[in-house]
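Report on the following structure.
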Amino acid sequence: MLSSKELSFRDPGLMPIWNKVRNGIRLSKEDGLVLYSTHDLIGLGRMANEVSRAKSGDTVYFVLNQKFEPTNICVLSCKFCDFAVKKGSPEAYEQSIEEMLDILNPDIREVHITMGLHPDWEWQHYVDMVRRIKEAYPLIDVKAFTAVEIVFFAKKFKKTHEEVLSELKAVGLRTMPGGGAEVFSERVRKLIFNQKIGAKTWFEVHRKAHKLGIQSNVTMLYGHVETFEERIEHMIKLREVQDETGGFMTFIPLAFQPGDTGIKTKNNFTSAIDDLKTIAISRLMLDNIAHIKAYWVMLTAEVAAVALNFGADDMDGIVGHERIAHDAGATSPMQLAKEKIISIIHEAGKVPIERDVWYNPLHIYPAEGTSIVSKMPYLNSVPFYSNFEPELAEIKLSPLVPRVFGQFAKEGKVDAGPMSLMDYVASQDEFEMLDYGVAVSGKAYSVLLYSHHDWKHLSGKTIGLTAESSTSVELLRVLLEKKYGVTGVTFERLHLTSGQNDYTKFDAVLLIGDEALRRWKVGLASFLNVYDLAEEWYEWKKMPFVFAVWAVRNSIPAAHKEAIRNALEGSITRSKGHYDELGREHAKRLGLTREDLAMYLNAFTYRLGEQERSAMEEFLKEQAVLA
Ligand code: SF4
């Protein structure tokens, strides 16, 4: 992140670390240890909160999920595990697939399955478990089986790890939970879970999963026999593999619950200070992991709420039938109602967003009196937000792709942001336009049509369309019909999560934003023709194309409008001249260089003048004829 924000610290040792963080320089192991040793808890939390804001705005995500542990019978006996028993034990239980299905309901969006390593269950049972849940509830995504379970299945059923993962993916496995390795330290593994797989095998399984398009989480069980150094090494190992695969979504620090495990810790439970420090340090160390989860089941709801200002941007939703932590003595109630989660997030001064398994927003729940500003999560919008510091605390930022912003704006839940031109036109009665937006004269590099055919031969063909924006889709229609005279095209919307799309079934595919940029240098599958829609428009009309305009809801208080306008003007002004550094984080993720970045951002106009307004009119005229 690049930030001009000045923070002050009671511990002067934190200043050099903050300077590194705000200049986008990765923290070292030594930095991590300084953070663990600091007495300046508040300073540490403020740094982590700034990093979290740069990534997720003021948003805290939650997903309504149902946890299943269908059996506690396990062939292993890990020393720290208070959950597993042997077959025949009076505490042993087995839950059938029917019993699992009985518990589910259509409000749930994610099922989380982990369990003991059962000595007798057949492979087909696990496949059926995933398949039947998916068949009964197509909208529920299945997050199942840790790397330990995948390795167990592979050995027991004589399959490779890839075969196990592919067969599960084919019946509906979407993501994997992050447990199983506990702490990536051989010393700790030998001491308390020597029967389990080590870090090397754990990462091998996750690498293979990521290659197959199965994203995963990663946990760290802390507060037992591990040292601070081993915690930091855990984070650094994870960071290195994430650089390679990009497949980890969320880091979840898990506070150890001693229960009857017999493992002696200094105090029986981790302290709230240790929990908060660990959340904050993980946010600062893991610059390439998008989300940090406050796992309230183990932290307690009170500490989890504070953690939302210490770098965490995700909370578990309704967690039903959570046994592992409770068998070890966790004190949180078994189910926090959705309203309770929302009120915890509001108390923390954040914006609750209910999400799906890939962090696509489903619903937003703004607190009374706040105005929500949409943070477009694309590289081309970085100048709007890199220094966006509204004077009023009531102004909150939430990352939303244009189409979701449009939908939430229509529901009256989001009040300002760079609105897709088509959405603005549809809601002009409720929104006023500011003099800012995203426009380009020539190539946009990030609104691309990948096609097997040239324009003239797209008639009668099927085009897969980005699910993220309606303006680029309308631009495509205008170019097809008005510029090239092509009709009879069938359009099909793509999935919001790129990894879930099969592009090969289309004759052409329209991608926008970072998804298009990611393919700037490498292309897309076997599509030979690549058309930049903004360039096509410019060559045709000799006018810029305006993709988005900043719009503000008429009904929000005048002071909020003013604060938004000032913050925006400040950010655009301060960002100018720093384009090569600004989106460094994005660039790395997208495989672009500093030079690419500067060229890309310099192509855009962020202040809209007469020329842009005339271009908008011209486009809307062309589009209206089609509509
Ligand atoms: S931690 Fe997992 S593998 Fe180890 S005993 Fe418990 S359930 Fe079995």
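The figures here come from the full heavy-atom set of this structure, side chains too, leaving out hydrogens, waters and symmetry mates. Note that the numbering runs from 1 along the sequence shown for the chain. Order of appearance sets the numbers: ligands from 1, and atoms from 1 within every ligand.
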Checklist entry - Parallel, tilted or perpendicular: which fits the ring planes of Y36 and F228, with parallel below 30° and perpendicular above 60°? => result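 Correct class here is parallel.
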
Next on the checklist: In terms of relative ring orientation, are H206 and W202 parallel, tilted or perpendicular, with 30° and 60° separating the classes?
Outcome noted: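 Answer is parallel, since the angle falls under 30°.
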
Item to check | atom 1 (S) of ligand 1: the protein heavy-atom neighbour that sits closest, reported with distance to 0.1 Å | outcome: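 Atom 1 (S) of ligand 1 sits closest to the protein heavy atom K196 NZ, 3.4 Å.
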
Checklist entry - Nearest protein heavy-atom contact for atom 4 (Fe) of ligand 1: which residue, which atom, what distance? => result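 Heavy-atom neighbour on the protein nearest atom 4 (Fe) of ligand 1: C78 SG, 2.4 Å.
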
Item to check | N/O/S from C74 sitting under 2.8 Å away from atom 8 (Fe) of ligand 1 | outcome: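 So C74 counts as coordinating atom 8 (Fe) of ligand 1, yes.
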
Next on the checklist: Between C81 and atom 6 (Fe) of ligand 1, is there a contact where an N/O/S atom of the residue lies under 2.8 Å from the metal?
Outcome noted: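 Coordinating: yes.
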
Next on the checklist: For K211, is the NZ atom crowded, meaning more than 12 foreign heavy atoms sit under 6.0 Å from it?
Outcome noted: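 Atom NZ in K211 is not crowded, with 12 or fewer foreign heavy atoms closer than 6.0 Å.
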
Checklist entry - CG of L101: more than 12 outside heavy atoms within 6.0 angstrom? => result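 Result for CG/L101: enclosed.
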
